[in-house]
Amino acid sequence: MMFIPTLKEDPGEAEIPSHALTLRAGLIRKIASGIYSFLPLGLRVLKKIERIIREEMNNAGGIEVILPVIQPSELWKKSGRWDEYGPDMFRLRDRNDRDFCLGPTHEELITYMAHLDIKSYKELPLNLYQIQVKFRDEIRPRYGLLRAREFIMKDAYSFCSNVQDLDLVYNKMYSAYIKIMERIGLSYKVVNAETGLIGGNVSHEFIVLAGDGEERLVYCPECGYSANMEMADFACAKKNKENTELKEIKEVSTPGIRDIDSLSKFLNTGKGQTLKTILVMDNRKKIYAFIMSGDRELNITKAGKSLGKNLELSRDEEPGRNLKAGFLGPVGLEKDIEIYADHSVSDMKNFVTGANREDMHLINVNTGRDFKVRQWGNFSYACDGDNCIECGAKLKFEKGIEIGHIFKLGTKYSEKFGARFLDKDGKLRPFVMGCYGIGVTRMLSAIVEQNHDDKGIAWPVSVAPYHINIITTTAKDPNLSEAAEDIYSKLLKMGVEVLYDDRDLSAGIKFKDSDLIGIPVRFIIGKKYIDKKVIDVETRMDRAKTELPVDSINGFIKEFKSRNNI
RNA sequence: CGGGACGUGGCGCAGUUUGGCUAGCGCACCAGUAUGGGGUACUGGGGGCCGGAGGUUCAAAUCCUCUCGUCCCGACCA
């Protein structure tokens, strides 16, 4: 008797394949927005994923622990993140009115632990990890397990006495992550995700490629450069207009034309011939203007980095200022607003901008002649046609799911927590830390996202809930049932995981369910068994069908096991 | 948080605009018969106070108010 409740139809709430399929195949059930139960099949997959991760972490020198889910507010106040984290954190209070949270991550706790128990450089380096549930009250939980509020993560934290050792541990983790991806059988990319504001810190994201993923990444097919959209460096596609003659600037009436789309249509020109002006402000409400080619988008992260400030869009009309939303431009802009120009503007000539007057734009505007740029930089996202910063080849774009993120933390947390050790020279130093995360439950969704067809899931053997699915074409024939039982126990003895569908249902239903839940190999015991002691073997991934005499089962299983390292 | 939509047996939906009989359909479920290699056919069943609260009305799934939940979208307009 098994508990695998499958659904015939896609649940209405499911937007992407992995969401629909994890529900339909009876892996998970939603309990509240972003909160899921794992049913037996889902749990088995989860355990498989965890096992692979655990093995690779152990191989890479990790040591497993479990840290509490419920964490006292004091630790978070110490790091300053009690306030920083904001509404993303689930908070609770005990009967004595002490504040706690459900841990969204564990840097605070682990640093505190290190502070308690690591005293000497002789105990370093140390790399502790756990596979533990985490809680984040996401603004918008989405896509089932992909963006959930309760989810399982593997998180590791390393403690070293110096940055050289951190580099070593970091590299070990990097290769462990690659092994994990390879063993599971995912197609992925590692992207550079260095965060400039913190400075010097290295970080890599492991992205599982998927069209429905939320992460956008850029890569170079020639030299292998890759980065996420936010961080990607690139060489702007040239517009090739070096010898164009500068025309006379003119004001034109553009009633109600407030966006680039309608502007380029109205003036019958390409978007690349228009100039986009975006106002942002820093945390002191000082306003800056960023200009870029109209077919580009502001990368506010980069813009902020170049100014060394946290920027946000200046969204509302600022009171007492002459800022005409939809008709902004660098010419005649209020004097105190500095103009930062994206490289995409550098070879633009005679372009269109807002006139800073309602319903008016300027044409034949030219940089230098008509306005001054305070600073040039790369402030937009890479676009189709842009080139690799390293080798000049055309960049390519992909979408994906962020599955892993590794990070050189340095001493940020250890300093705040006074987590120090006594070094060789007898001096107290803060631990040099790194942290390394993998979204375990998210990984499950990502695997489904990459391994499905119109009939259902097709699990890679490495994480399949079972290896082999035995189906009898009827449950009414005792000969078949007996044979199935025999084969079932034989397979178990041989060390493969078998799911025997003995339900008294028509064969068609069992086939459909089997396709849906995606077990890699199917043994069909039916007429052919009665006639000539032969079973049909189907493989889910490539849908190949072969006949297998029962005498040859041993050999088949041996081959299957060795091929899949079971 | 802002905008939009939805909430009717386990699941997917109709009915709501224009209030009016015992609230429907498909799937699933239970019993039976025939089936038994791709969601088979037929027969007979069980299950819903229409998310919740309040209101309007002779009468509310349907209209109004509030509330809870769920899903989608959210600089490119600056």
Side-chain angles (χ1 to χ4, degrees), chain A residues 5-16 19-20 23-24 26 29-35 86-88 137 139-144 147 256-264 271 274-281 287-301 303 311-318 321-330 333-334 337 342 353-354 356 379-381 383 455-456 471-477 480-481 503-516 522-531 534-536 538 543 545 547:
Chain A
T6 56
L7 305 172
K8 198 177 249 184
E9 291 171 273
D10 279 355
E13 67 195 43
E15 291 286 312
I16 62 170
H19 190 191
L23 290 165
R24 281 188 56 204
R29 285 292 178 263
K30 188 176 74 176
I31 296 309
S33 177
I35 298 178
D88 273 11
D137 195 357
I139 302 174
R140 192 135 82 83
R142 225 190 308 208
Y143 302 150
R147 185 166 292 281
I257 306 291
R258 297 173 164 272
D259 57 85
I260 297 288
D261 249 356
S262 28
L263 180 65
S264 65
K271 282 195 211 174
T274 66
L275 187 89
K276 183 182 285 187
T277 306
I278 296 179
L279 300 182
V280 298
M281 57 185 187
I287 296 181
Y288 308 83
F290 282 85
I291 58 174
M292 68 216 72
S293 170
D295 53 7
R296 290 186 179 263
E297 297 175 18
L298 175 67
N299 181 340
I300 199 163
T301 316
L311 297 179
E312 60 180 294
L313 290 163
S314 147
R315 211 174 266 239
D316 305 307
E317 303 257 1
E318 298 298 317
R321 280 179 167 269
N322 179 36
L323 301 174
K324 301 291 182 208
F327 304 96
L328 287 165
L333 193 62
E334 297 205 347
I337 299 178
D342 183 63
T353 79
N356 297 309
F379 304 128
S380 63
Y381 288 107
C383 285
K455 294 183 186 306
I471 289 177
T472 46
T473 53
T474 171
K476 289 273 195 291
D477 183 343
L480 283 190
S481 303
R503 294 175 299 172
D504 183 9
L505 294 172
S506 79
I509 294 177
K510 297 197 212 177
F511 288 141
K512 293 287 184 195
D513 268 350
S514 180
D515 286 338
L516 179 60
R522 188 185 303 168
F523 278 14
I524 302 159
I525 303 173
K527 269 201 202 87
K528 287 180 195 166
Y529 177 82
I530 301 290
D531 296 346
V534 159
I535 60 177
D536 278 315
E538 291 185 27
R543 313 200 64 76
K545 299 182 189 187
E547 292 191 352

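Sequence lines set the chain letters: A, B, ... in the order given, protein chains first and strands last, and positions in each chain run from 1.
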Classify the nucleic acid contact of [X] as base, sugar-phosphate or nothing, counting any heavy atom under 4.0 Å across all strands shown.
{"X": "A:R142", "result": "sugar-phosphate"}
{"X": "A:L7", "result": "nothing"}
{"X": "A:G12", "result": "sugar-phosphate"}
{"X": "A:L505", "result": "base"}
{"X": "A:I300", "result": "nothing"}
{"X": "A:Y529", "result": "nothing"}
{"X": "A:D504", "result": "base"}
{"X": "A:F290", "result": "nothing"}
{"X": "A:R522", "result": "base"}

_Counting only side-chain nitrogens and oxygens, does A:K510 get under 4.0 Å of the OP1 or OP2 atom of B:rG36?_
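The answer is no; no side-chain N or O of A:K510 sits under 4.0 Å from OP1 or OP2.
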Pairwise [atom1] distance, [M] and [N] [rounded to whole Å]:
{"N": "B:rC73", "M": "B:rG55", "atom1": "C1'", "result": "33 Å"}
{"N": "B:rG46", "M": "B:rG39", "atom1": "P", "result": "30 Å"}
{"N": "B:rA61", "M": "B:rC72", "atom1": "C1'", "result": "24 Å"}
{"N": "B:rU40", "M": "B:rG4", "atom1": "C1'", "result": "43 Å"}
{"N": "B:rC13", "M": "B:rC6", "atom1": "C1'", "result": "13 Å"}
{"N": "B:rG51", "M": "B:rA41", "atom1": "C1'", "result": "38 Å"}
{"N": "B:rA28", "M": "B:rC71", "atom1": "C1'", "result": "24 Å"}
{"N": "B:rA60", "M": "B:rA53", "atom1": "C1'", "result": "15 Å"}

Taking only the side-chain heavy atoms of [X] (C-beta and beyond), determine which of [options] contains the nearest atom.
{"X": "A:S506", "options": "B:rC73, B:rG12, B:rU40", "result": "B:rU40"}
{"X": "A:E15", "options": "B:rG74, B:rG39, B:rC71", "result": "B:rC71"}
{"X": "A:R24", "options": "B:rG39, B:rG37, B:rC73", "result": "B:rG39"}
{"X": "A:D536", "options": "B:rU70, B:rG37, B:rG39", "result": "B:rG37"}

Round to a whole Å and report the spacing from [atom1] of [X] to [atom2] of [N].
{"X": "A:R140", "N": "B:rU70", "atom1": "CZ", "atom2": "P", "result": "14 Å"}
{"X": "A:D10", "N": "B:rC72", "atom1": "CG", "atom2": "C1'", "result": "17 Å"}
{"X": "A:L263", "N": "B:rC76", "atom1": "CG", "atom2": "C1'", "result": "13 Å"}
{"X": "A:K527", "N": "B:rG37", "atom1": "NZ", "atom2": "P", "result": "5 Å"}
{"X": "A:L275", "N": "B:rC76", "atom1": "CG", "atom2": "P", "result": "17 Å"}
{"X": "A:K476", "N": "B:rU33", "atom1": "NZ", "atom2": "P", "result": "9 Å"}
{"X": "A:E13", "N": "B:rG51", "atom1": "CD", "atom2": "P", "result": "18 Å"}
{"X": "A:E9", "N": "B:rA14", "atom1": "CD", "atom2": "P", "result": "12 Å"}

_Quiz question: going by heavy-atom distance under 3.5 Å, is there a donor-acceptor pair between the base of B:rC27 and the side chain of A:K8?_
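Counting by modelled atom types and ignoring angles, no donor-acceptor contact under 3.5 Å is found here.
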*Confirm from the modelled atom types if A:D477 and B:rG36 form a donor-acceptor pair under 3.5 Å, side chain to base only.*
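A donor-acceptor contact between them is absent.
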[N] - base-pair partner by Watson-Crick or wobble geometry, distances under 3.5 Å:
{"N": "B:rA60", "result": "none"}
{"N": "B:rC27", "result": "B:rG10"}
{"N": "B:rA53", "result": "B:rU65"}
{"N": "B:rU70", "result": "B:rA5"}
{"N": "B:rC76", "result": "none"}
{"N": "B:rG48", "result": "none"}
{"N": "B:rG36", "result": "none"}

*Taking for each residue the nucleotide of RNA chain B with the nearest heavy atom, is it A:S33 or A:K528 whose nucleotide lies nearer the 5' end?*
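Looking at the nearest nucleotide for each, A:K528 comes out on the 5' side.
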_Taking the nucleotide of RNA chain B with the nearest heavy atom to each, does A:D259 or A:H19 sit closer to the 5' end?_
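Closest to the 5' end, via its nearest nucleotide, is A:H19.
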*Of all the heavy-atom pairs spanning A:L23 and A:R29, show the shortest one and how long it is.*
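Reported closest heavy-atom pair: O-NH1, 2.7 Å.
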*Please report the closest heavy-atom contact between A:Y381 and A:R296, naming both atoms and the distance.*
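Scanning both residues completely, I find the closest heavy atoms to be O-NH1, 3.3 Å.
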*Please test A:I287 against A:V280 for side chain to side chain contact (heavy atoms under 4.5 Å, CB included), starting from the C-alpha separation and ending with a verdict.*
CA-CA 6 Å; A:I287 296 181; A:V280 298; over 6 Å; no
*asked:* To the closest 0.5 Å, what do you measure between OG1 (A:T277) and CG (A:L298)?
replied: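 With rounding to 0.5 Å, OG1 (A:T277) is 11.0 Å from CG (A:L298).
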_Set out, in order, the CA-CA distance, both residues' side-chain angles and the distance that settles side chain to side chain contact (heavy atoms under 4.5 Å, CB included) for A:D295 and A:C383, then state yes or no._
CA-CA 9 Å; A:D295 53 7; A:C383 285; 5.7 Å; no
_Is any side-chain heavy atom of A:T472 closer than 4.5 Å to one of A:K510?_
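Yes, at least one pair of side-chain atoms sits under 4.5 Å.
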*What do the steps show when you test A:D536 against A:E547 for side chain to side chain contact (heavy atoms under 4.5 Å, CB included), and what is the final call?*
CA-CA 5 Å; A:D536 278 315; A:E547 292 191 352; 3.4 Å; yes
*Decide yes or no on side chain to side chain contact (heavy atoms under 4.5 Å, CB included) for A:D477 and A:I530, but give the supporting numbers first.*
CA-CA 10 Å; A:D477 183 343; A:I530 301 290; 3.8 Å; yes
*Is the number of heavy atoms from other residues, nucleotides or ligands within 6.0 Å of CD1 (A:I139) greater than 12?*
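Open.
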